[in-house]
*Asks:* 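Shown below is the structure under consideration.
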Amino acid sequence: QARLVESGGGSVQTGGSLRLSCAASGYTNIGWCVGWFRQAPGKEHEGIATIKSNFRTTYLTDSVKGRFTISLDNAKNTVYLQMNSLIPEDTAMYYCAAAVISPLAFCPRDPSGYKYWGQGTQVTVSS
C-alpha cells in the first residue's frame, strides 16, 4: 500500500517561492507516476505537474510553466514541486498523488488516473 506525505506549504507574498515535498513509501520506484494537483475553494482539482519515475519525463500545465519545476530524488523517494514567482491565483490546497503505470505509458493528467493520494498541504499567496 503506497503512502504519500506532503510538506512545505505555507503563506507567502506575491513573487515569493515555496518548495513542496511529496515523500513516498510502500511501492516500487519502477513504472510509476507522481502528479501534483491543487484545489482552490469551490473549484475542481487542477492537475499542474507530473513526473514519471523511469525516464523522468515531466509535464507542467500552461499556467505554471516557467514558474514551477517538478523533480524527483529516487534515493529519498521524494518528489519536489519548486514554485517560484507565486501569484494569488496559486492559492489552493496542493496534493500529490501516485499511479502505477506500464513503463511506456504516459502519466495521467486527470485526478481519476491516480490511486494513491497524500493529505494535502495549503499554499496561500497574498497580494
Side-chain angles (χ1 to χ4, degrees):
Q1 182 75 13
R3 182 169 180 261
L4 305 174
V5 179
E6 302 101 331
S7 61
S11 297
V12 297
Q13 293 189 325
T14 296
S17 297
L18 287 171
R19 188 177 79 159
L20 305 184
S21 300
C22 175
S25 62
Y27 60 92
T28 178
N29 61 359
I30 297 174
W32 52 263
C33 291
V34 169
W36 282 99
F37 297 84
R38 65 186 180 187
Q39 188 172 28
K43 294 190 176 181
E44 303 269 331
H45 273 97
E46 177 189 12
I48 54 175
T50 65
I51 188 164
K52 190 173 176 184
S53 63
N54 49 0
F55 301 115
R56 300 200 181 194
T57 49
T58 63
Y59 161 79
L60 292 167
T61 195
D62 287 346
S63 63
V64 306
K65 280 181 182 176
R67 301 189 298 123
F68 292 11
T69 305
I70 187 169
S71 62
L72 163 66
D73 185 334
N74 267 328
K76 295 182 179 180
N77 274 354
T78 299
V79 173
Y80 301 100
L81 185 69
Q82 178 66 44
M83 307 188 296
N84 299 326
S85 302
L86 285 161
I87 58 178
E89 290 76 11
D90 295 319
T91 295
M93 184 71 80
Y94 283 68
Y95 300 88
C96 67
V100 178
I101 63 168
S102 61
L104 297 181
F106 291 102
C107 287
R109 297 181 183 178
D110 191 86
S112 64
Y114 292 82
K115 180 177 181 180
Y116 306 104
W117 289 80
Q119 81 289 350
T121 185
Q122 178 68 38
V123 171
T124 303
V125 185
S126 58
S127 55

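All values below were derived from every heavy atom in this structure, side-chain atoms included, with hydrogens, water molecules and symmetry-related copies excluded.
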*Asks:* Work out which heavy atom in Ser21 is nearest to a heavy atom in Thr78; give both atom names and the distance.
*Replies:*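 Residues Ser21 and Thr78, closest heavy atoms: CB-CG2, 4.1 Å.
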*Asks:* Determine whether more than 12 heavy atoms belonging to other residues, nucleotides or ligands lie under 6.0 Å from atom CD of Gln13.
*Replies:*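 No, the 6.0 Å shell around CD holds no more than 12 heavy atoms from other groups.
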*Asks:* Which atom pair, heavy atoms only, marks the closest approach of Tyr114 to Cys107?
*Replies:*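 So the two residues come closest at OH-CB, 4.0 Å.
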*Asks:* When hydrophobic residues are tied together by side-chain contacts of less than 4.5 Å, even through go-betweens, does Ile70 share a cluster with Leu72?
*Replies:*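 Yes.
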*Asks:* Given Glu6, which partner from the list Gln122, Met93, Gln119 fulfils the side-chain contact (heavy atoms from CB on, under 4.5 Å) test?
*Replies:*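 Testing each of Gln122, Met93, Gln119 against Glu6, the sole residue satisfying side-chain contact (heavy atoms from CB on, under 4.5 Å) is Gln119.
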*Asks:* Within this structure, what is the CZ-OG1 distance for the pair Arg19 and Thr69, rounded to the nearest 0.5 Å?
*Replies:*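 The CZ atom of Arg19 sits 11.5 Å away from the OG1 atom of Thr69.
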*Asks:* Are side-chain heavy atoms of Ser63 and Glu46 found at a separation under 4.5 Å?
*Replies:*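 A side-chain contact under 4.5 Å exists here.
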*Asks:* How long is the span from the CD atom in Gln39 to the NE2 atom in His45, to the nearest 0.5 Å?
*Replies:*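 Those atoms lie 4.0 Å apart.
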*Asks:* Identify whether Val34 and Phe68 are in the same connected component of the hydrophobic contact network (ILVMFWY, side-chain heavy atoms under 4.5 Å).
*Replies:*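 Yes; tracing contacts between hydrophobic side chains, which count when under 4.5 Å, links both residues.
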*Asks:* Does the side chain to side chain contact (heavy atoms under 4.5 Å, CB included) test come out yes or no for Arg38 and Asp90, once each step is laid out?
*Replies:* CA-CA 9 Å; Arg38 65 186 180 187; Asp90 295 319; 2.9 Å; yes
*Asks:* Looking only at heavy atoms, what is the nearest atom pair of Asn84 and Ser17, with distance?
*Replies:*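 So the minimum-distance heavy-atom pair works out to OD1-OG, 2.9 Å.
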*Asks:* Got a second to check how far Cys22's SG is from Trp117's CH2, nearest 0.5 Å?
*Replies:*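 With rounding to 0.5 Å, SG (Cys22) is 10.5 Å from CH2 (Trp117).
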*Asks:* If every non-hydrogen atom of Thr14 is compared with every non-hydrogen atom of Pro88, which pair is closest and at what distance?
*Replies:*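 Scanning both residues, the minimum pair turns out to be OG1-CD, 3.4 Å.
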*Asks:* Please say yes or no: joined through hydrophobic side-chain contacts below 4.5 Å, possibly via intermediate residues, are Tyr95 and Leu18 part of one cluster?
*Replies:*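 Tyr95 and Leu18: separate clusters.
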*Asks:* Which heavy atom in Ala49 sits nearest to a heavy atom in Leu60, and how many Å separate them?
*Replies:*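 Looks like CB-CD2, 3.5 Å.
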*Asks:* Can you confirm whether Arg109 sits close enough to Thr61 that some side-chain heavy atom of one is under 4.5 Å from a side-chain heavy atom of the other?
*Replies:*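 The answer is no; the side chains never approach within 4.5 Å.
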*Asks:* When you compare the side chain of Thr50 with that of Cys33, does any pair of heavy atoms fall below 4.5 Å?
*Replies:*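 With C-beta onward as the side chain, the pair stays apart.
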*Asks:* Locate the shortest heavy-atom distance separating Ser85 from Arg67; write the atom from each residue and the value.
*Replies:*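 Answer, listing the atom of Ser85 first, then Arg67: O-NH1, 3.0 Å.
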*Asks:* Between Tyr80 and Trp32, is there shared hydrophobic-cluster membership here, with clusters defined by ILVMFWY side-chain heavy atoms closer than 4.5 Å?
*Replies:*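 Different hydrophobic clusters.
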*Asks:* Checking side-chain contact (heavy atoms from CB on, under 4.5 Å) against Val123, which of Thr91, Val12, Leu81, Leu20 comes through?
*Replies:*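 Exactly one option meets the side-chain contact (heavy atoms from CB on, under 4.5 Å) with Val123, and it is Leu20.
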*Asks:* Are side-chain heavy atoms of Phe106 and Thr57 found at a separation under 4.5 Å?
*Replies:*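 Counting from C-beta outward, Phe106 and Thr57 never come under 4.5 Å.
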*Asks:* With Ile48, which of Phe37, Tyr94, Tyr59 fulfils side-chain contact (heavy atoms from CB on, under 4.5 Å)?
*Replies:*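 Result: among Phe37, Tyr94, Tyr59, Tyr94 is the only option passing the side-chain contact (heavy atoms from CB on, under 4.5 Å) with Ile48.
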*Asks:* Mind checking whether Ile101 and Lys52 have side chains closer than 4.5 Å, heavy atoms only?
*Replies:*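 Ile101 vs Lys52: side chains touch.
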